[in-house]
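Have a look at the structure below before the remarks.
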Amino acid sequence: MVEDRKGEALRKAAAEAVKTGEDITRRVRDLTLDALSNRRFDREGIRDVVRAVTEGMAAAVPASGGSMRKAMGQAFRGMDEALTRSVEAGEEALRKLVATGRSIGDNEVKQALAGLKKIEEDFVATVSQVAETSNERARPELRELARRAARAGTETGRQAASLMTEFTFSGMELAGHFSARFAQMASGVLAGMADALEKSAAERQKKP
């Protein structure tokens with residue numbers, strides 16, 4: 001029930017961000033990052049956030065084709081930026097675990113890497129799924145955004161790929177589930193990122 005309320009609130013916030021027509025990328029990035037930082041750092045939680053944000057932006061698309069395409073593209077980019085921050089948070093958490101060396105094994109590292117690698121895949125797949133149940137105006141735009149992302153990649157995927165080059169382990173076919181301590185540490189890092197962005201936004205609003 002709590003998750004349902006969170007999802008509905010997130011859908012409404014995403015819809016409002018798109019309806020404003022102004023600074024959509026930043027607005028969607030910030031609300032997505034905030035939602036991610038308030039959930040457990042795992043693939044299911046990330047998919048839930050992407051689904052809710054995508055449903056919200058689809059419900060709010062403007063009637064005009066041109067402005068709709070632009071708004072949807074900006075909102076998608078905002079989600080991509082937020083998910084890139086998730087990968088960065090996971091990367092920082094992983095570095096800390098490896099640096100401390102507290103009984104961390106190869107399998108835990110490989111699981112974390114596999115999970116981070118799958119964030120882009122989950123992102124694009126979830127947008128594609130939402131597209132199939134969206135209204136007729138939003139559906140083709142979401143399909144095209146997902147197709148383009150699958151073909152050209154996303155910043156989220158590029159960040160994950162960069163991380164892969166630094167940790168050369170075999171056996172990346174692992175399911176990609178995050179260990180409890182990695183998830184807890186990554187959640188803390190992500191929350192810090194969200195707080196920093198929130199403070200930055202507040203400072204911008206104070207300026208005349």
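FYI, side chains are in, hydrogens and waters are out, and symmetry mates aren't considered; it's all heavy atoms of this structure. This one's a predicted model, so the numbers in the text were calculated from it and none came from an experiment.
To the nearest 0.5 Å, atom OG of residue Ser86 and atom CG of residue Leu33 are 6.5 Å apart. To the nearest 0.5 Å, the span separating OG1 on Thr156 from CZ on Arg85 amounts to 11.0 Å. Taking CD from Glu22 and CD from Gln74, the interatomic distance works out to 10.5 Å, rounded to the nearest 0.5 Å. Separating the OG1 atom in Thr133 from the CG atom in Leu142 is a distance of 9.0 Å, to the nearest 0.5 Å. Taken to the nearest 0.5 Å, the CG atom of Asp122 stands 4.0 Å off from the CZ atom of Arg43. For the atom pair CD1 of Ile24 and CZ of Phe76, the computed distance is 15.0 Å after rounding to the nearest 0.5 Å.
Ionic pairing of Lys96 and Glu92 is present here: one or more N-O contacts between side-chain nitrogen and carboxylate oxygen are shorter than 4.0 angstrom. Ion pair Glu16/Lys12 not flagged as a salt bridge, since none of the NZ, NE, NH1 or NH2 atoms sits closer than 4.0 Å to an Asp/Glu carboxylate oxygen. A salt bridge links Glu155 with Arg158; the closest basic N to acidic carboxylate O contact falls under 4.0 Å. A salt bridge links Arg147 with Glu144: at least one charged nitrogen is closer than 4.0 Å to a carboxylate oxygen. Using a 4.0 Å cut-off between charged nitrogen and carboxylate oxygen, Arg143 and Glu132 count as a salt-bridge pair. Between Asp80 and Arg77 there is no salt bridge, since no side-chain N of the basic residue sits under 4.0 Å from a carboxylate O of the acidic one.
For the residue pair Gln159 / Glu120, no side-chain donor-acceptor distance below 3.5 Å is found, with atom types taken as modelled.
Between Val18 and Ala71, the closest heavy-atom pair is CG1-CB, 4.1 Å. Contact record, Ala146 with Val127: CB-CG1, 4.3 Å, taken as the closest heavy-atom pair. Residues Leu116 and Ala160 come closest through the heavy atom pair O-CB, 3.8 Å. Arg51 approaches Val130 most closely through the heavy-atom pair CG-CG2, 3.9 Å. Between Ala186 and Ala89, the closest heavy-atom pair is O-CB, 3.9 Å. Closest non-hydrogen pair, Thr154 versus Phe123, comes out as CG2-CE2, 4.2 Å.
Proximity of a side-chain donor or acceptor of Asp42 to a complementary backbone N or O of Ala183 within less than 3.5 Å is not detected. Arg39 places no side-chain N or O within 3.5 Å of a backbone atom of Gly45 that could act as its donor or acceptor partner.
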Margin query: Test side chain to side chain contact (heavy atoms under 4.5 Å, CB included) on Met57 and Val28; report intermediate values, then the result.
Written below: CA-CA 9 Å; Met57 64 191 244; Val28 172; 5.7 Å; no
- List the steps and the verdict of side chain to side chain contact (heavy atoms under 4.5 Å, CB included) for Asn38 and Asp34. CA-CA 6 Å; Asn38 283 295; Asp34 182 65; 3.5 Å; yes
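At a threshold of 4.5 Å between non-hydrogen side-chain atoms, the residues Leu10 and Asp48 do not count as touching. Put simply, the side chain of Arg47 does not reach to within 4.5 Å of the side chain of Val50, judged on heavy atoms.
By the salt bridge (Lys or Arg N to Asp or Glu O under 4.0 Å) test, Arg11 is found to be paired with Glu8, Glu55, residues two or more places apart in sequence or in another chain being considered.
The hydrophobic clustering, which links ILVMFWY residues whose side-chain heavy atoms are closer than 4.5 Å, places Val124 and Ile119 apart.
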